[in-house]
**Q** 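Questions regarding the structure given below will be posed in turn.
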2 protein chains.
Amino acid sequence: MVMETEKMTDTAPTVMPQSSGWALVVDDHPLFCDALELTLKSLQNFSEVQTADCLEAALAKLDASNSAPALILLDLNLPDVNGLDGLIRLKRSASKTPIIIVSSMTDNNIIKGAIAAGSSGFVPKHSARNVFRDAIEQIGAGNIYTPQGFVEGQEDDEETLAIARLSSLTNQQARILELICEGKLNKQIAYDLSIAEATVKAHVTSIMRKLNVQSRTQAVLVAQEAKFSKPLPKET
Amino acid sequence: MVMETEKMTDTAPTVMPQSSGWALVVDDHPLFCDALELTLKSLQNFSEVQTADCLEAALAKLDASNSAPALILLDLNLPDVNGLDGLIRLKRSASKTPIIIVSSMTDNNIIKGAIAAGSSGFVPKHSARNVFRDAIEQIGAGNIYTPQGFVEGQEDDEETLAIARLSSLTNQQARILELICEGKLNKQIAYDLSIAEATVKAHVTSIMRKLNVQSRTQAVLVAQEAKFSKPLPKET
DNA sequence: ATGCGCCCCCGACTATGGTCGGAGGCGCAT
DNA sequence: ATGCGCCTCCGACCATAGTCGGGGGCGCAT
């Protein structure tokens, strides 16, 4: 599962020497955010480092900039979004740039889901600085980084499959699925997006094909499953 | 919020003197289950006490018996069902018998939801024995029991309303809603229940009316909301 | 017994959801 | 330039979902 189709100018041998672009850090913990920023700057690969404390802010920064960032560090458990959903949305807004997940939850399934959703790496939040450095350099070289102790596992996990399918949706398809998950009718969706109802229907059809389901109801079930992909706390 | 339409034979003044029927304890923690059983027996109001360690077993015991129990003690967080859903299903199978919720989660909203779903009382799991005794006697007298420190609160909570609506469904309606939540089509549901598709549609219509929604998609959203009515664990 | 309310059942009708085929635009490789 | 693939868009057609009105059974109160 290693990308080899990395495109790079012939002036760069293996790792970009310096200033391959700007980076974005998304974390709601200010101090940790700073620490990540410093780590990135110490590598001197990035011309600038921006930060955001929630997903909305991150998406806004992406919009505001005229160029895509060279790297994104993303914390799960953001205040305004839960689960892998944030990753999927972020990935959709910057499909080319690699995203490293930084999280305190190091459950094997979470990691697998994060990779399935298109992230380029996963670093436990308690890692030492040089681990972060390693991860960033690995990903700069076009590899996927996973922490030690992560087992590749069999791919036939139903939930992982669902996540992979969800992240394969187009922007427009994702927007429509979101509206479906709010219980809206095709007609309302068409009005919201200013397109014909027939178009919405066509999108719904291809969404269902990608998610491998037969009705919009099943589609929302798959979508929900990804958002609640935590082992619920067991308590006696 | 106190029931006054309690029906009782004129040989019983206020509290049943003895043997008003059998009782059922549903809890997956064996020791605690025993303790509850002993507490019930010490009251000498019940001719027999049965126990179950999961919802399926509880429903089976209800089916097996030819009479409805006089009281049910139910633990939330059972292995085979999550949230208030178990309470609703149990209540539907024994609509007449009062149910006391015994749970370690004493969140105000959970309690409110439990009452909205038709339970007759809520007792924190760490309570002393005489608290349990009080609760049981209160409920035997036809009252609702809530722990001290519980504030009645305003009723306009959206989630509480949803739960109350959910528990107002008929057996057949609940069964159909369950199948809808598995993504089945009306035709399949009709086949499963051996009724005409037109009948299923009619049920769906009245389900939507009761849940106050306009489409089956919105109906499943309401149903899901009740199942995940936990504050998700916040972790940095 | 009679009426009332509730539940379950159903057929015929309308609205909405989903499929099929096709148009136009855009990036990309040759 | 030309062809290929992908995305977005759309109209016409069929399947499914939802509404309306009504029949029959059952418990319950008067």
Side-chain angles (χ1 to χ4, degrees), chain A residues 5-8 68 91-96 118 165-223, chain B residues 5-7 68 91-93 95-96 118 165-223:
Chain A
T5 60
E6 180 67 14
K7 189 172 56 177
M8 48 182 64
K91 188 73 188 175
R92 212 182 302 289
S93 289
S95 54
K96 298 276 191 175
R165 284 169 179 151
L166 272 186
S167 62
S168 79
L169 293 181
T170 312
N171 295 42
Q172 191 75 323
Q173 290 168 353
R175 241 170 299 173
I176 288 179
L177 178 57
E178 208 169 328
L179 295 175
I180 290 178
C181 287
E182 294 173 11
K184 297 194 176 181
L185 302 180
N186 288 339
K187 196 179 293 188
Q188 300 175 290
I189 296 173
Y191 181 80
D192 286 0
L193 300 181
S194 303
I195 55 180
E197 185 182 352
T199 307
V200 176
K201 292 178 179 177
H203 281 299
V204 173
T205 296
S206 60
I207 289 173
M208 294 190 301
R209 253 200 265 281
K210 282 187 178 177
L211 298 189
N212 203 27
V213 297
Q214 284 77 349
S215 74
R216 71 164 43 207
T217 302
Q218 294 176 350
V220 324
L221 293 177
V222 170
Chain B
T5 60
E6 181 66 15
K7 190 172 53 179
K91 188 74 187 174
R92 211 181 302 288
S93 290
S95 54
K96 298 275 189 175
R165 285 170 179 151
L166 239 355
S167 61
S168 78
L169 292 181
T170 313
N171 296 42
Q172 191 76 322
Q173 290 167 353
R175 241 169 301 173
I176 289 179
L177 179 56
E178 207 170 329
L179 295 175
I180 290 179
C181 286
E182 296 173 10
K184 296 194 176 182
L185 302 181
N186 288 340
K187 195 179 294 189
Q188 300 175 291
I189 297 174
Y191 180 80
D192 286 359
L193 300 181
S194 303
I195 55 180
E197 184 182 353
T199 307
V200 177
K201 292 178 180 178
H203 282 298
V204 173
T205 297
S206 62
I207 289 173
M208 293 191 302
R209 254 200 264 281
K210 281 187 179 177
L211 297 189
N212 202 28
V213 296
Q214 284 77 354
S215 73
R216 72 165 41 206
T217 302
Q218 293 176 349
V220 323
L221 293 177
V222 171

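Convention: sequence-line order gives letters A, B, ...; per-chain numbering from 1. Excluded from the calculations below are hydrogen atoms, water molecules and symmetry mates; all remaining heavy atoms, backbone and side chain alike, are included.
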**Q** To the nearest 0.5 Å, what is the distance between CD on A/Q214 and NZ on B/K184?
**A** 13.0 Å
**Q** Of all heavy-atom pairs between B/A174 and B/R92, which one has the smallest distance, and what is that distance?
**A** CB-NE, 3.3 Å
**Q** Take atom CG of A/L177 and atom C1' of C/dG17, then tell me their distance rounded to the nearest Å.
**A**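 Rounded to whole Å, this separation is 15 Å.
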**Q** Report, as a single string ordered 5' to 3', how protein heavy atoms within less than 4.0 Å touch nucleotides 6-23 of chain D: B base, S sugar-phosphate only, - not at all.
**A** -SSBBB----SBBB----
**Q** Under 3.5 Å, is there a donor-acceptor pair between the side chain of B/Q173 and the main chain of B/T170?
**A**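 Present.
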**Q** Are the side chain of B/E182 and the backbone of B/L179 linked by a donor-acceptor contact shorter than 3.5 Å?
**A**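 Checked: no pair found.
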**Q** For B/T217 and A/I180, which heavy atoms make the closest approach, and how far apart are they?
**A**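 Between these two residues, the closest heavy atoms are CG2-O, 3.7 Å.
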**Q** Sort out for me which residue in A/I207, A/V204, A/I189 forms a side chain to side chain contact (heavy atoms under 4.5 Å, CB included) with A/L177.
**A**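 Between A/L177 and the candidates, side chain to side chain contact (heavy atoms under 4.5 Å, CB included) is satisfied uniquely by A/I207.
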**Q** Supply the atom-to-atom distance B/L169 CG to B/S206 OG, rounded to the nearest 0.5 angstrom.
**A**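 The OG atom of B/S206 is 8.0 Å from CG of B/L169, to the nearest 0.5 Å.
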**Q** Which residue pairs pass the salt bridge (charged side-chain N to carboxylate O under 4.0 Å, His left out) test with at least one member in residues 195-219 of chain B, sequence neighbours excluded?
**A**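 For residues 195-219 of chain B: B/E197-B/K201.
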**Q** Starting at the 5' end of DNA chain D, what dot-bracket string do you get if Watson-Crick and G-U pairs under 3.5 Å are bracketed, crossing pairs use [ ], other-strand pairs use | and unpaired bases use dots?
**A** ||||||||||||||||||||||||||||||
